[in-house]
Structure formats: structure tokens, C-alpha cells
A.B. asks: 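Below: one structure in C-alpha cells.
In what follows, every chain begins at residue 1, and chains take the letters A, B, ... in the order their sequences are listed.
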There are 2 protein chains.
Amino acid sequence: MRRTRQVTILSVAAAAGVSKSTVSRVMNDTPNVDPQIVIRVRDAAARLGYRPSGTAQNLSRGRTGIVGVLVPDLANPLFATILKGISAEAELDGYRTLVADANEQPDAELRHLNELARQSDGLILCGPRMSMPDLASLAELDVPIVVVNRRPAGNLFPSVTVDSREAVADLCRHLDALGHTHLCYLSGPPHAAADGERWSALKSSVRSRTKLTRVAAGAMLDDGHAAAEAALATGATCLIGFNDLVALGAVARLQELGITVPDQISVAGFDDIVYARFTSPGLTTVAMPMTEFGQEAWRLLSPYLHGRKTRRTRTLSATLIIRGSTGLRQNSGARPGPAA
Amino acid sequence: MRRTRQVTILSVAAAAGVSKSTVSRVMNDTPNVDPQIVIRVRDAAARLGYRPSGTAQNLSRGRTGIVGVLVPDLANPLFATILKGISAEAELDGYRTLVADANEQPDAELRHLNELARQSDGLILCGPRMSMPDLASLAELDVPIVVVNRRPAGNLFPSVTVDSREAVADLCRHLDALGHTHLCYLSGPPHAAADGERWSALKSSVRSRTKLTRVAAGAMLDDGHAAAEAALATGATCLIGFNDLVALGAVARLQELGITVPDQISVAGFDDIVYARFTSPGLTTVAMPMTEFGQEAWRLLSPYLHGRKTRRTRTLSATLIIRGSTGLRQNSGARPGPAA
DNA sequence: GTGAAAGCGCTAACAT
DNA sequence: ATGTTAGCGCTTTCAC
């Protein structure tokens with residue numbers, strides 16, 4: 001039933017000639033313990049190689065010091081970075097992160113969260129793809145929950161979201177100034193809330209003379225790569241990816257087709273993942289405040305964990321970053337040319 | 001001391017008119033329980049919204065179902081991907097991953113591991129940067145440990161490593177055939193075991209007529225970006241990054257300087273992160289079997305968790321992937337030209 | 001097939 | 001300042 005005989009607090013107590021409580025006090029740096037005894041206990045503990053059982057502490061203390069984090073895809077640098085931010089911030093407060101990667105499968109999320117909830121003091125959901133009813137059902141878990149990057153969740157749980165509208169408007173102005181009057185949006189996973197937001201931000205920002213179409217893509221490099229040709233076929237002079245991965249995937253495909261960016265066609269994305277800056281041309285993108293996401297998420301969750309009420313929403317803002325992938329509209333539409 | 005009154009197994013037992021034991025049996029799908037009772041219990045549990053306390057189960061069962069994973073940097077897609085692999089594989093066995101990001105600080109690792117160990121059944125260290133003595137000291141934690149991507153650890157703990165020598169030899173042959181006789185290695189973090197391995201693999205693979213120099217870089221995009229000029233100054237006709245991030249960072253810097261890759265200078269990397277394929281030119285690289293890393297790590301750890309002995313080492317092999325970033329050596333050395 | 005009772009290893013009143 | 005005692009919420013023998 002149990003594994004190898006452990007060094008329990010009791011053995012240390014015996015070895016040091018004191019009671020369990022005293023050992024516990026020493027191990028937890030409780031003040032008002034005889035310095036002599038502290039030494040004796042520390043000594044015994046070290047000699048025996050005593051390491052308190054986290055599990056037992058958890059049960060006794062009624063908390064685990066663990067926060068569960070759900071992400072749609074760890075391989076997406078956006079989420080890896082947000083996770084990194086959360087983990088860094090949580091660590092400062094002595095918490096650790098238990099991660100679950102839903103693999104972009106909305107159905108898997110609920111299952112994961114149920115599991116996570118049983119081991120953690122609180123939950124942070126990053127860009128959850130699950131349905132609103134499912135999301136709402138999480139209230140029953142009776143655990144502090146914070147949602148990152150899914151706006152409509154704001155009414156249900158404290159959440160940190162981003163307002164991209166201003167930045168998208170900037171993007172549209174930028175493209176308009178470059179002469180682009182036909183934009184094609186490479187849309188994201190249907191269940192990603194960000195997809196709807198970005199699309200409607202675009203719709204409400206484009207000039208009336210500008211044509212805006214959309215082509216289904218996804219959330220990953222391959223999705224953009226695969227969707228590029230269809231997007232090209234719309235005759236658009238600028239492609240806008242659901243996120244940077246999609247945009248970069250599209251750029252790669254365009255280059256394979258011998259179409260140069262931005263000379264023959266412009267491309268823009270969302271997120272500003274680190275690669276956006278380092279590819280060539282650099283990717284024009286609507287930057288998400290990734291590090292802040294993690295920080296703010298923790299700031300929202302942290303008081304909540306200690307039973308205190310917390311503000312329900314924190315809205316960050318996105319910013320347009322102009323790089324080389326968007327340029328003057330060429331006269332004719334882009335057409336495959338000789339390989340680059 | 002405790003938080004909101006919980007629905008315990010006792011309340012369910014009362015509501016269903018049975019004993020705790022029976023409820024426990026039902027919740028754990030133990031056979032030999034009266035179907036009638038199963039229903040009654042399930043009902044009561046659902047009605048009360050009973051969710052067994054993971055912590056209590058952990059203590060009672062003597063296991064947590066958690067495996068601690070240490071990575072040097074979550075923002076590095078190599079580690080994010082390895083983590084994803086581990087997490088996927090572990091999940092199949094009902095385990096979850098508790099992550100710790102050491103932020104490329106070797107000193108932080110030990111502290112993290114001590115913490116992780118108290119909450120988990122086993123530990124997986126990804127490319128640990130800590131010193132060998134520190135690594136050795138982990139044996140005292142008395143917890144199953146598997147090390148990924150740090151060769152010399154093979155004697156201490158079961159580990160999954162990669163043998164890059166063959167692939168590096170391929171790379172050297174490839175570069176030699178292209179006429180490169182002066183290579184410059186942009187080295188990684190001093191404490192990364194992979195750095196030493198890659199450097200010595202290069203040293204032992206280059207033709208005698210080939211000059212091999214090294215310039216300090218690091219593990220991230222910025223490091224490569226920053227080191228590019230120094231590397232250029234060595235007069236090398238091919239830059240080899242410690243990893244793909246460094247290589248891509250260097251490419252970005254070169255392009256800023258108006259130097260085209262591979263026309264004026266070639267660049268290669270290690271890992272084959274997903275961006276290596278999608279940048280232009282595609283990056284020639286020594287590909288690590290990333291997904292396999294995670295799988296094999298789990299395969300090594302899993303039996304270990306159940307008390308069974310496990311084989312000590314699994315060596316995967318790297319493979320050379322040739323893409324557009326390496327080309328024929330140009331006549332003169334690369335020099336900054338007009339911006340691309 | 002079901003219940004009673006003894007833990008799992010620790011913390012935290014409470015008493016001294 | 002230290003020891004005693006009663007849990008934390010579950011699992012698991014061991015009787016019935």
C-alpha cells in the first residue's frame with residue numbers, strides 16, 4: 001500500500017527527544033522555540049534526511065499551493081509564454097503550476113479542469129475554447145477561477161482580457177494608407193473566442209471601400225501554410241492571420257510559391273510572438289501583452305485564493321507593431337511567380 | 001483554518017444511508033457492490049455535488065499522480081514541446097505535470113526540484129543546467145528521477161539522451177561539400193551540457209583543413225542576434241548556432257545588416273524547432289527527436305513509479321535536415337551590403 | 001456485500 | 001516554550 005518506509009516527523013521527534021509539534025514548529029520557523037531545541041531538531045532532521053510530506057501538509061493545511069493552468073496548446077508560444085508568466089508570478093507567492101494541455105480540443109477541457117480542480121487551490125484558464133454553458137458549469141467546482149483571453153467570460157469569472165479594437169483600427173488605417181482595399185482574414189479555430197473578436201474588430205474597422213473576406217485556417221503554422229493559397233485566390237492584397245503562427249505559415253507558403261512579401265502581397269498577424277520580430281520580413285502584428293497576461297491573471301487569482309474578493313476584470317490593450325511584412329499595395333493582384 | 005465547508009465522503013454516506021467505505025468503493029468502481037446501492041450512492045453524490053478531495057486521496061494512497069518537470073526555459077519551443085510530449089504521455093497513465101521553469105538559472109534548479117519533489121511521485125529534468133555534484137545530490141530526494149538531454153547524467157539516473165555526432169558529421173560533410181572551410185559556432189549557455197557536446201562533435205567532425213572558431217552567444221533569439229556580428233568578424237563563411245533560436249536570431253541580424261543568407265553566408269542550427277521550417281530561407285539544422293524525448297522520458301519513468309526497475313538509458317539519434325540556409329560558399333568573406 | 005476502525009503524516013488548538 | 005490531542009478526508013484491512 002505505501003512505498004518505502006519514510007522518515008516521518010515522528011522519527012525526527014524521537015531522535016531529537018521532543019514532540020511532533022515541536023518538530024513541526026521548527027520546520028515551519030515558528031517563533032518562540034528554544035534556540036537549543038531548534039538546533040537539536042534541525043540536526044536530527046538533517047541526519048535522518050527528513051523531508052516533510054507535502055501531501056500530508058496539504059491535507060492538514062487545507063491547501064495545496066498548486067494552481068491549475070489550462071492551455072489550448074503548449075506548442076503555441078503565446079500560451080507557453082503566458083504560462084511562463086503565470087508560473088513566474090505564482091512562484092513568488094509560493095505557488096506552483098499544474099498544467100493541462102487540451103490540445104486544441106474543446107471537449108477535453110472540461111475533463112482536464114475537473115481533474116486539475118481536485119489537486120489545486122485555484123484555476124487559470126488560458127483562452128479556453130469550451131462552450132459558454134460548459135464554462136458556466138465550472139462555477140460548481142467551487143474553486144477560484146480566473147480566465148485569460150476570453151472576453152465573454154468576464155461576467156462569469158474574474159478575467160483578464162485584451163481590447164484589440166483600437167490596435168485593429170490602427171492596423172486598418174495603416175493598410176488603407178498603403179492602398180490595400182481587399183483584406184483576407186485567415187480565421188482561427190471556430191471555438192476560439194479571440195477569433196470572433198478579431199474578425200468583428202476588423203469588420204468594424206475597415207473603410208467602407210475596403211473589401212474584407214475570410215478563409216478558414218486554424219491556430220498553427222501548418223494551418224496558415226495550408227490556407228495561404230485559398231486566401232490568395234480571393235484576390236486580396238493583404239492577408240491577416242488569426243495569429244502570428246498562421247500569418248507566418250502563410251508567409252512561408254507564399255515564399256514557396258515565389259510570391260514575395262510585402263512586394264507582391266502584405267501579411268499581418270496577431271500576438272507578436274517572439275518570432276514575429278525575427279523572421280524576415282518582420283511581421284506586422286497586433287501585439288498582445290503576453291507577459292502582463294500572466295502577471296494580471298495571478299494578481300486577480302491571488303487574493304481570491306486567500307478568500308478575499310477580487311475585481312472581476314482587467315482589460316489590457318493590444319498595440320499595433322508595424323514591421324516589414326506590410327507594404328504598398330502592388331498594382332495587380334499577387335500571382336505565383338518564379339521561385340524566390 | 002479550513003475553507004468553506006466541504007461536501008465530504010461522510011455527508012454522502014449519511015445521505016445515502018451507507019458507510020464511508022461503501023461510498024469509497026462506489027466512487028472507485030470497486031466490483032462487488034450491490035447495484036442498488038451503487039445507484040443510491042451515485043445519486044446522493046451527484047445531488048450533493050460531492051467531489052472527493054484529491055489531497056486526502058493522495059495521502060491515503062501514498063501517491064499523488066503528479067510528476068514534476070523542470071525546464072530551463074518554457075519560452076524555448078524545444079522545452080515547451082518536450083513538456084507537451086511528457087504531459088501527453090503522462091496523461092495517458094493518469095498523471096499530471098507540475099512544471100518549474102528555472103529561467104536558465106542553474107542555481108534555481110535545486111531549489112525548484114526540492115519543492116517539486118514534495119508534491120510529486122517522480123521528477124523529469126529537461127536539459128538541467130545544474131552542476132554534476134548538485135545533480136548527484138538529487139539521489140537523496142529518494143524519488144524516481146529521469147533526466148532528458150544531458151548525457152553525463154546517464155550514470156546517475158535513467159536518462160534519455162540524443163547522439164548528435166553522426167548528424168553533426170553529416171552537417172560537416174554537407175558544409176565541406178559546399179566549400180566552407182571556416183565555421184563559427186555560436187555557443188550556448190556555459191552550463192548547458194548540450195553546448196559542450198555540440199562543440200566537441202563539431203571539433204571532431206570537421207576536416208583538418210577547416211577552421212572552427214566559437215563565439216559566445218546563449219540560448220535565445222536575442223543571444224544569436226547579438227552575437228552575429230562578432231561571429232561575422234571571425235571571417236567564417238558559415239555560422240552554426242547552439243540551437244535554432246540562436247541561429248535564427250543570427251539570421252535576423254545578418255539580414256538587418258544587408259547580408260543575405262545563404263548567398264553571402266550560411267547558417268545552421270540545432271533542434272529543428274517548428275520555426276526552422278517556416279522561416280525563409282528554411283534553416284538547415286540538426287534535428288532533435290523532440291516528441292520522442294517526452295515519450296521516452298515517460299516510458300523510462302513510468303515503471304519506476306510503480307516500483308519496478310527501469311533501464312538506465314535510452315539514446316535517440318539526431319538527424320541532419322538540410323534547408324535553404326546553407327549554400328555554396330561565396331568567394332570573398334561576407335560583408336555588410338545595402339539593406340535587403 | 002457492507003461496516004467499523006485504524007491509519008496516511010502532518011498542523012493547530014488547547015492545555016500546561 | 002512545549003507536549004497532548006484531535007482532526008484534515010480519504011482508503012483499506014479486517015470482521016461480519
A.B. asks: Expressed as a whole number of angstroms, how long is the span from R40(B):CZ to dT2(C):P?
C.D. replies: 9 Å

A.B. asks: Nearest-nucleotide wise, let me know which of R25(B) and Y50(B) is further upstream toward the 5' end of DNA chain D.
C.D. replies: Y50(B)

A.B. asks: In whole angstrom, what separates I39(B)'s CD1 from dT2(C)'s P?
C.D. replies: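 Between P of dT2(C) and CD1 of I39(B): 12 Å.
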
A.B. asks: On a plain distance test, is the side chain of R51(A) in donor-acceptor contact with the base of dG9(C) below 3.5 Å?
C.D. replies: no

A.B. asks: Touch check for S24(B), heavy atoms < 4.0 angstrom, all strands: base, sugar-phosphate only, or nothing?
C.D. replies: base

A.B. asks: Is there a side-chain contact between T22(A) and the phosphate of dG3(D), meaning an N or O under 4.0 Å from OP1 or OP2?
C.D. replies: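 So the side chain of T22(A) is within the cut-off, an N or O lying under 4.0 Å from OP1 or OP2 of dG3(D).
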
A.B. asks: Go nucleotide by nucleotide along DNA chain D from the 5' end; which of S21(A) and N32(A) gets its closest nucleotide reached first?
C.D. replies: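 Nearest-nucleotide comparison on DNA chain D picks N32(A).
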
A.B. asks: Of the nucleotides dT2(D), dG9(C), dC10(D), which has the atom closest to the A56(A) side chain?
C.D. replies: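 Out of dT2(D), dG9(C), dC10(D), the nucleotide with an atom closest to A56(A)'s side chain is dG9(C).
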
A.B. asks: Mind calculating the distance between CG (N58(A)) and C1' (dG9(C)) to the nearest angstrom?
C.D. replies: 11 Å

A.B. asks: Just to be sure I understand the rule, does N28(B) reach a base, reach only the sugar-phosphate, or reach nothing, if contact means heavy atoms closer than 4.0 Å?
C.D. replies: sugar-phosphate

A.B. asks: Just the rounded figure in Å: distance from C1' of dG9(C) to CD of Q57(B).
C.D. replies: 17 Å

A.B. asks: Would you indicate whether the side-chain heavy atoms of F157(A) and L125(A) approach each other to under 4.5 Å?
C.D. replies: no

A.B. asks: Are V143(B) and S120(B) close enough that some pair of their side-chain heavy atoms sits under 4.5 Å apart?
C.D. replies: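 Of all side-chain heavy-atom pairs linking S120(B) with V143(B), none is under 4.5 Å.
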
A.B. asks: Please report the distance, rounded to the nearest Å, between CZ in R61(A) and P in dG9(D).
C.D. replies: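 Checked: the CZ to P distance equals 16 Å.
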
A.B. asks: Answer yes or no on whether R63(A) is positioned over the face of Y95(A), meaning its NZ or CZ is under 6.0 Å from the six-membered ring centre and within 45° of the axis.
C.D. replies: yes

A.B. asks: Ignoring the backbone of S60(A), work out which of dC10(D), dG3(C), dG7(D) is nearest its side chain.
C.D. replies: dG7(D)

A.B. asks: Between I37(B) and K20(B), just flag the one whose closest nucleotide in DNA chain C comes earlier from the 5' side.
C.D. replies: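 Its nearest nucleotide lies further toward 5', so the answer is I37(B).
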
A.B. asks: Using whole Å, what does the distance between atom C1' of nucleotide dA4(C) and atom CD1 of I9(B) come to?
C.D. replies: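 From I9(B) CD1 to dA4(C) C1': 14 Å.
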
A.B. asks: Please tell me which of the listed nucleotides, dG1(C), dG3(C), dG9(D), lies nearest to the side chain of Q6(B)?
C.D. replies: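 The answer is dG9(D).
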
A.B. asks: Rounded to whole Å, how long is the line connecting atom CG of L59(B) with atom P of dG9(C)?
C.D. replies: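 To the nearest whole Å, that distance equals 7 Å.
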
A.B. asks: Kindly give the heavy-atom pair with the smallest separation between I145(B) and L301(B), and that separation in Å.
C.D. replies: N-CD1, 4.4 Å

A.B. asks: In whole angstrom, give the distance that lies between atom CG of L10(A) and atom P of dT5(D).
C.D. replies: 14 Å

A.B. asks: Of the candidate nucleotides dC10(C), dG3(C), dT2(D), which contains the atom at the shortest distance from the side chain of P52(A)?
C.D. replies: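 Side chain of P52(A) sits closest to dC10(C).
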
A.B. asks: Report the C-alpha separation of R42(A) and D29(A) in whole Å, then their side-chain angles, then the decisive distance to 0.1 Å, and conclude whether the salt bridge (charged side-chain N to carboxylate O under 4.0 Å, His left out) test is met.
C.D. replies: CA-CA 11 Å; R42(A) 285 247 138 78; D29(A) 297 310; 3.1 Å; yes

